[in-house]
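In what follows, every heavy atom counts, from backbone to side chain, and hydrogens, waters and symmetry copies are set aside. All chains are named by letter (A, B, ...) in the order of the sequence lines, taking the proteins before the strands, and each is independently numbered beginning at 1.
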Amino acid sequence: MSGDQIDGGSRFNDSHKHKDKYKEKEHKHKDHKKDKEREKSKHGNSNHKDPSDKKHRDNEKEKMKHKDGSTDKYKDKHKEKKVNYHAHNSLKKAHMVVHAILLPLLNFPPQVKSEPEDNFYHSPKNEKSLKRERDDDNDSEFKPKKIKTENDKKAKKRKQEEDIKPKKTKNKREVTDGKKKAKKEPEEKWKWWEEERYTDGSKWKFLEHKGPVFAPPYEPLPSNVKFYYDGKHMKLSPEAEEVATFFAKMLDHEYTTKDIFRKNFFKDWRKEMNAEEKAKLTDLKKCNFTEMSEYFKAQSEARKAMTKDEKLKIKEENERLLQEYGFCIMDNHRERIANFRIEPPGLFRGRGDHPKMGMLKRRIRPKDIIINCSKDSKHPEPPPGTKWKEVRHDNKVTWLVSWTENIQGSIKYIMLNPSSRIKGEKDWQKYETARRLKKCVDRIRTQYHEDWKSKEMRIRQRAVALYFIDKLALRAGNEKEEGETADTVGCCSLRVEHIKLYPENDGQEYVVEFDFLGKDSIRYYNKVPVEKRVFKNLQLFMENKEPDDDLFDRLNTSVLNKHLQELMDGLTAKVFRTYNASITLQQQLKQLTSADENLPAKILSYNRANRAVAILCNHQRAPPKTFEKSMQNLQTKIDAKRDQLSDAKRELKSAKADAKVRRDEKSKKAVETKKKAVQRIEEQLMKLEVQATDREENKQIALGTSKLNYLDPRISVAWCKKWGIPVEKIYNKTQREKFAWAIDMADEDFEF
DNA sequence: CTATGGACTTAGGAGAGGGTGG
DNA sequence: CCACCCTCTCCTAAGTCCATAG
C-alpha cells in the first residue's frame with residue numbers, strides 16, 4: 001500500500017472539525033475515563049452521561065506535556081485530525097476477497113472446546129521439556145511480583161534437577177560431537193534452552209561489549225553541487241546543508257509534498273541555519289534541491305556500478321565491523337547484537353498521518369549515549385575526545401546501549417539478536433503462557449459471555465472488548481497522546497465512529513462492521529456477525545455519544561489487563577493474539593495437509609495455514625510494486641510449460657506407437673525416457689501453478705510477522721517432522737537461528 | 001488513583017544481496 | 001555474463017505492558 005493508498009480522503013473528518021472549542025475536545029476521551037470511575041458503583045445500565053459535564057477537569061494535566069518542548073503546538077492541530085485512510089479500497093476489496101477464500105476455513109471463536117487436558121501422551125523427551133517450560137512460566141510469573149523468595153528458588157532448582165538426567169545424557173552427546181568437529185565448527189551451538197534460568201530477576205551476570213557504531217560524519221557536498229534559492233545559487237553552511245540533503249534525498253517521495261511534512265521540516269531546518277541563512281531562506285517553495293537530488297542519485301548509481309573488488313572490500317569492511325561491534329559477551333557466550341549501529345540523522349517519517357513527519361531526527365553523539373555493561377568487564381571506549389553520557393551496570397535489563405530520541409522523547413536501545421539466549425527464553429516463555437491460556441480459555445469465554453449480562457456497565461464493556469480481542473484478535477489499544485502520533489486505535493480505544501451496526505446484513509443477523517486504522521495505520525476492515533447480546537450491548541454503549549467518543553468509555557487496557565491477570569497468572573490482552581494465532585495454525589495444518597500431496601503442495605498448505613493466521617491478525621503488506629508483472633511472467637512460464645507438456649505427450653504417444661510396431665529394446669527405452677520427461681514436466685508445471693496460487697493469494701498479506709512473532713515454532717517444526725519436510729522449506733536461516741530452541745526440542749507429536 | 005517513563009515486542013517497508021534464466 | 005527478480009536483512013517506528021512518581 002504505497003503511495004497510491006496513502007491519503008485517500010478523509011472519511012470521517014470534518015464533521016466536527018470546527019465545532020469544538022479547543023480544549024474541550026481534547027479532553028473528551030479522558031473525561032470519559034473519569035466518568036467510568038465515578039460511575040463504577042452505580043451500575044447504571046444505560047445511564048451514560050454526556051461526557052461534557054466534566055470537560056474542564058483535566059485542564060491542568062493537559063498542560064504538562066514536554067518531551068521535546070513541543071508541548072502545545074499540536075494541541076490545535078490535532079483537532080483537525082482525521083482519518084486519512086492509508087490502506088484503501090483496493091485493499092479493502094482484496095482483503096474481503098481473501099476472507100471469502102479463507103475464512104470459511106476458520107471457525108473462530110471457541111475452537112478449542114474440548115481439548116484434552118493437554119500433553120497426556122508425551123514422549124519422555126517432551127515430558128521433560130514441558131516440565132522445564134512450566135518452570136519457566138513460573139519464573140515469569142514471579143518476576144514481576146516481588147516474590148522470588150529463597151523458597152521458590154529452591155523449589156525450582158529441585159524441579160530442575162528432576163529432569164537433569166535426560167539433559168545430561170543429551171549434553172554429553174553434544175559435547176562429544178562437538179569435540180569431533182571441533183576444528184570445523186569451533187563454535188558449537190550453545191543450547192541455552194537446556195540450562196537453568198535466572199530466578200532472581202537478573203538478566204545476566206556478565207556483560208561486555210564494544211559500544212555502538214556511530215553514523216558516519218557528514219561529508220559536505222562537492223562545490224559543483226549547488227543549491228538554489230529563488231533561482232539564485234546559494235552556498236549553505238555545512239549545518240544547514242546537511243539538513244537540506246536529507247530533504248533532497250527524499251525529493252521523489254510523495255511525502256515531501258505534504259504540508260505537515262514540509263512545515264515540520266522547514267521549521268527544524270531553520271533551526272540549523274545561521275543568521276544569514278535564516279534571514280534569507282523564508283520560503284521552502286523557493287528552495288531548489290534538484291542538483292543535490294541528482295547528485296545522490298548518481299552516487300547510488302555509481303555504487304551499483306562498482307567493480308567486484310570494490311564491492312568485496314566494502315563487504316569485508318562490514319564484516320570486520322560486525323565482528324568487532326556486532327557481538328557481545330554475555331555470561332560466557334558470544335552473542336549477536338541486533339542493532340549495533342546508531343540510527344543516522346535524517347527526517348522523521350512516521351507512518352500514516354503522522355503529525356511529526358518531516359521533523360529533524362538529530363545526530364546521536366557519544367554524550368547522548370548510556371552504556372550498560374558489567375562492572376568487571378572491559379568498558380567500551382567512547383571515540384577519542386568524547387565521553388559517554390553515563391556508564392551503568394544494571395543487570396536487571398537486557399540492553400547494552402540506550403539514548404533518548406528527539407522526536408517523541410522516547411528511549412531507544414541496542415539489544416541482542418533474536419537468536420540470543422535472552423530473547424529466546426522470553427519468546428519461549430511467551431508461547432508457554434499462551435499454552436496455559438489454552439487450558440483455561442473455555443472458562444474465560446464462559447465468563448465473558450456471562451458478563452455481557454452484568455448489571456455493571458464497566459463489566460459489560462470489559463466483556464465485549466475481551467470478546468473482540470479473543471474473536472477478532474484485536475490489539476489491546478492503549479490510549480495515546482493526541483497530536484503526538486497518528487490517530488490509530490486498538491480494541492479499548494475504539495471510538496463510536498469505528499463501528500457500524502447492522503441488525504441485518506446480507507442475510508446475517510447482528511452484523512458489526514469495523515473500520516479503523518490500527519497499528520502502523522494499517523486499516524482494519526471487517527464485517528462480523530456477533531451474538532445478539534453483544535449487539536445489544538454495543539447499541540447501548542453507543543447511545544448518546546458522538547462519533548469521536550470512546551466506545552468503551554469505562555475501560556482501558558490497564559483495567560482490562562488487571563482483570564485478565566485475575567483470570568490467569570500472566571494473562572494480558574496480547575496473549576490472546578498469540579494463542580489464537582498458534583491454535584489456528586495448528587488446526588489449519590491439521591485440516592489442510594493431506595498425506596498424499598507432494599512437497600510443493602504441502603508447502604502450499606503450510607502457507608495457507610500461515611495465511612489464515614496473517615488474515616486473522618490483519619498483517620497486511622503493500623502489494624509488491626512489480627506484482628502484476630511478476631504474475632504475468634509466471635503465467636507466461638506456465639503457458640510455456642503447458643506447451644512443453646503437450647509436446648512431450650505427443651512425443652510419448654508416437655514413441656509408444658513406434659515401440660508397438662518395432663517391439664525392440666531401443667524403442668521401449670525411448671518410451672520410458674519420454675514417460676519420464678512427461679512426468680518431470682508435469683511436476684514442474686504443477687510446481688509453477690502452485691507457486692502462482694500461493695503468490696496470488698499472498699498479494700497483500702504478510703506472512704512474516706505472524707511467523708516470527710505469533711506462531712509457536714514448535715508447531716511448525718512438528719509439522720515438518722511429521723511430514724518429512726525439511727525445516728529449511730519453512731524457515732530461512734535467520735528464522736532457524738531464532739527458533740533453534742524449537743527445532744531442537746519439538747518432535748512430531750508436539751501439541752500446542 | 002493518573003501520568004509518565006522505561007523496557008521490551010511487534011510491525012511494514014526499503015534496499016541489499018544473491019540466485020536464476022535468457 | 002548480465003539483467004531481473006525475489007528473498008532476506010536491516011531499519012526503526014509503533015505498539016504492549018509494567019513500574020514508579022506525583
Side-chain angles (χ1 to χ4, degrees), chain A residues 1-2 30 33-34 37 40 57-58 60-62 64-67 86-87 143-146 203 253 300 303-304 311 314-315 318 338-344 346 348-352 354 356-357 361 372 394 396-399 402 404-405 407-413 415-418 422-423 426-427 430 475-481 484-486 488-490 492-493 518-522 556-562 564-565 570-575 577-578 617-622 624-627 629-630 633-634 637 691 695 700 702 704-706 708-710 731-735:
Chain A
M1 60 218 72
S2 41
K30 286 189 188 160
K33 304 264 141 73
K34 291 239 163 126
E37 298 317 319
K40 225 184 267 178
R57 278 226 198 157
D58 285 326
E60 315 102 283
K61 287 178 194 158
E62 202 52 29
M64 11 196 334
K65 292 278 143 78
H66 54 192
K67 291 207 162 166
H86 175 198
K143 253 171 239 159
K145 321 202 164 167
K146 54 274 152 162
K203 305 290 169 66
H253 236 111
S300 91
R303 227 171 301 129
K304 273 184 216 155
K311 280 185 183 168
I314 291 177
K315 205 178 163 187
N318 275 332
N339 55 326
F340 58 92
R341 283 170 215 272
I342 299 275
E343 299 172 17
F348 176 81
R349 167 59 181 168
R351 301 180 193 173
H354 198 116
K356 299 193 172 188
M357 66 170 79
K361 214 173 98 161
N372 192 32
D394 181 357
K396 301 283 187 272
V397 296
T398 66
W399 53 267
S402 76
T404 300
E405 152 269 351
I407 303 290
Q408 317 278 355
S410 64
I411 307 171
K412 300 254 187 171
Y413 303 93
M415 292 184 183
L416 295 195
N417 197 67
I422 216 160
K423 293 292 182 189
K426 201 83 185 295
D427 203 38
K430 171 181 78 186
R475 295 188 185 81
N478 286 311
E479 40 286 64
K480 315 167 61 184
E481 254 178 296
E484 297 290 301
T485 61
T488 62
V489 299
C492 293
S493 49
K519 183 177 178 179
D520 292 320
S521 293
I522 295 292
N556 61 39
T557 52
S558 110
V559 169
L560 177 65
N561 281 335
K562 222 161 272 159
L564 293 176
Q565 189 60 234
L571 187 60
T572 62
K574 85 188 185 85
V575 178
R577 255 167 98 80
T578 311
C617 294
N618 199 39
H619 292 143
Q620 301 186 16
R621 62 166 184 173
K625 285 195 179 65
T626 54
F627 185 83
K629 209 172 106 199
S630 89
N633 288 163
L634 196 53
K637 272 195 208 166
Q691 200 185 345
R695 196 181 296 175
Q700 43 203 168
T705 306
S706 50
L708 233 47
N709 300 300
Y710 288 102
Y731 290 137
N732 68 31
K733 185 162 143 291
T734 323
Q735 296 168 157

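Residue A:R577 has a polar side-chain atom (N or O) positioned under 4.0 Å from OP1 or OP2 of B:dA11. Note on A:K574: a side-chain N or O is less than 4.0 Å away from OP1 or OP2 of B:dT10. Here A:T485 does not reach the OP1 or OP2 of C:dA13: none of its side-chain N or O atoms lies under 4.0 Å away. Between A:K396 and the phosphate of C:dA19, there is no side-chain N or O to OP1/OP2 separation shorter than 4.0 Å. Within the structure, a side-chain polar atom (N or O) of A:T572 is placed less than 4.0 Å from OP1 or OP2 of C:dC17. Between C:dA14 and A:H354, a contact under 4.0 Å exists linking OP1 or OP2 to a side-chain N or O. A close approach under 4.0 Å does occur between a side-chain nitrogen or oxygen of A:T488 and OP1 or OP2 of C:dG15. Distances shown here put a side-chain N or O of A:T398 below 4.0 Å from the OP1 or OP2 atom of B:dC8. At least one side-chain nitrogen or oxygen of A:N732 sits closer than 4.0 Å to the OP1 or OP2 atom of C:dC8. OP1 or OP2 of C:dC17 lies within a sub-4.0 Å distance of a side-chain N or O belonging to A:N561. Close to C:dC6, at under 4.0 Å from its OP1 or OP2, lies a side-chain N or O of A:R695. At C:dG15, one or more side-chain N or O atoms of A:K480 fall inside 4.0 Å of OP1 or OP2 (strictly under the cut-off). One finds no side-chain N or O of A:N709 lying less than 4.0 angstrom from the OP1 or OP2 phosphate oxygen of B:dT9. Not one side-chain nitrogen or oxygen of A:Y413 sits closer than 4.0 Å to the OP1 or OP2 atom of C:dT12.
Side chain of A:N556 to main chain of A:C492: no donor-acceptor pair is present (N/O by atom type, distance under 3.5 Å, no hydrogens or angles).
In the set B:dC8, C:dA13, B:dA11, C:dA13 carries the atom at the smallest distance from any side-chain atom of A:K361. Taking only side-chain atoms of A:M415, from C-beta outward, the nucleotide of B:dG12, B:dA7, C:dT12 with the closest atom is B:dA7. When distances run from any side-chain atom of A:Y710 to the nucleotides C:dC6, B:dC8, B:dT10, the shortest one goes to B:dT10. When each of B:dG12, C:dT12, C:dC18 is scored by its nearest atom to the side-chain atoms of A:A702, the top-ranked nucleotide is B:dG12. Looking at the side chain of A:D520, the nearest of the listed nucleotides C:dC17, B:dG12, C:dT12 is B:dG12.
Look at CZ on A:R475: it is 8 Å from C1' on B:dT10, rounded to the nearest Å. Rounded to whole angstrom, the span from the CD1 atom of A:I411 across to the C1' atom of B:dT4 amounts to 11 Å. Atoms CZ (A:R351) and P (C:dG15) sit 9 Å apart, rounded to a whole Å. Between the CG atom of A:N556 and the P atom of C:dC18 there is a distance of 13 Å, rounded to whole Å.
Applying the side chain to side chain contact (heavy atoms under 4.5 Å, CB included) rule to A:T488 yields the partners A:K480, A:A486, A:L517, A:S521; only residues at least two apart in sequence or on another chain are considered. Applying the side chain to side chain contact (heavy atoms under 4.5 Å, CB included) rule to A:N339 yields the partners A:I414; only residues at least two apart in sequence or on another chain are considered.
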Between the protein and nucleotides 17-21 of chain B, list the N/O to N/O atom pairs that are separated by less than 3.5 angstrom.
{"from": "B:dG18", "atom 1": "OP1", "to": "A:K315", "atom 2": "NZ", "distance (Å)": "3.2"}

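For B:dT10, the base has a donor-acceptor partner in the side chain of A:K519 [N/O atoms by modelled type, under 3.5 angstrom].
Side-chain atoms of A:E479 and A:S493 form no donor-acceptor pair, as typed in the model, at a separation below 3.5 Å.
Between A:Q408 and A:T485, some side-chain heavy-atom pair lies under the 4.5 Å cut-off. Within the 4.5 Å cutoff, the side chain of A:N732 has heavy atoms near those of the A:Q735 side chain.
For the residue pair A:I411 and A:S402, the shortest heavy atom distance occurs at CG2-CB, 3.9 Å.
Separation of atoms NZ (A:K356) and CD (A:E484) is listed at 4.0 Å; rounding is to 0.5 Å. In this structure, NZ in A:K423 is found 4.5 Å from OG1 in A:T398, a value given to the nearest 0.5 Å.
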